[in-house]
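See structure below.
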Amino acid sequence: MSKSTEAGPIRLALKIEDPALADRLAKLLANVPGLQLVGAGESADVTLLHSNGVSGPVEGDVPLTPRELEVLTLLAEGLSNKAIAGRLGIYAVAHAARRGVMQL
């Protein structure tokens, strides 16, 4: 059972230095079922970080790579795993690997 069905929605805080990216992600994530965006200073289960590299992460924070942010954005736009993989150009590799594993 997922956290969102056991104890309410997952509380997500965005700590994104680029205002345009922060606004885009907030709009995309606002209607994701089981997810609640929280403001600065509010308690969060997960914090999404992205900086310009000027300041380092706070202890315990794990910043997302640009590729992870790209995947998160596509996921928030409602794309399926297959569509995300296709958009990122990794479907053929993943499909070939799955075929190889199925043949074992």
Side-chain angles (χ1 to χ4, degrees):
M1 193 173 274
S2 72
K3 179 175 177 25
S4 63
T5 58
E6 291 174 357
I10 295 171
R11 297 170 52 84
L12 174 69
L14 297 176
K15 290 186 180 178
I16 312 281
E17 288 184 7
D18 178 347
L21 179 59
D23 185 53
R24 181 175 179 211
L25 282 173
K27 286 178 182 175
L28 291 170
L29 296 170
N31 296 316
V32 173
L35 188 67
Q36 176 187 357
L37 293 176
V38 297
E42 292 185 64
S43 173
D45 300 311
V46 178
T47 301
L48 180 62
L49 301 170
H50 185 266
S51 70
N52 298 333
V54 176
S55 60
V58 176
E59 184 179 335
D61 288 343
V62 179
L64 295 177
T65 66
R67 184 66 157 199
E68 290 168 329
L69 279 171
E70 187 177 10
V71 170
L72 178 61
T73 301
L74 294 172
L75 183 63
E77 289 175 359
L79 273 67
S80 68
N81 289 344
K82 183 177 179 179
I84 291 170
R87 181 89 61 94
L88 298 177
I90 58 176
Y91 176 74
V93 173
H95 182 69
R98 185 177 53 157
R99 255 192 322 212
V101 169
M102 290 172 56
Q103 292 175 356
L104 294 177

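Quick caveat, the model's predicted, so the values are computed rather than measured.
- Shown here for L37 and A26, the closest heavy-atom pair between the two residues is CD1-O, 3.4 Å.
- When side chains are defined from C-beta on, T73 counts as touching R24, because their heavy atoms get closer than 4.5 Å.
- Contact of the L74 side chain with the L88 side chain is registered, since non-hydrogen atoms from C-beta on lie closer than 4.5 Å.
- The 12-atom threshold is exceeded at CG of D23, counting heavy atoms of other residues, nucleotides or ligands nearer than 6.0 Å.
- Between L14 and L29, some side-chain heavy-atom pair lies under the 4.5 Å cut-off.
- Residues R87 and E77 are in side-chain contact: their nearest non-hydrogen atoms beyond the backbone lie under 4.5 Å apart.
- Tracing side-chain contacts under 4.5 Å through hydrophobic residues (I, L, V, M, F, W, Y), one never reaches V38 starting from L21; they form parts of separate clusters.
- Annotation: side chain of L25 is in contact with side chain of L69 (closest heavy-atom distance under 4.5 Å).
- L28 and I84 fall into different hydrophobic clusters, where Ile, Leu, Val, Met, Phe, Trp and Tyr are joined by side-chain heavy atoms under 4.5 Å apart, directly or via other members.
- One finds the CG atom of L75 at 12.5 Å from the CD atom of E70 (value rounded to the nearest 0.5 Å).
- Of the possible donor and acceptor atoms, one in the side chain of R11 sits under 3.5 Å from a partner among the backbone N and O of S43.
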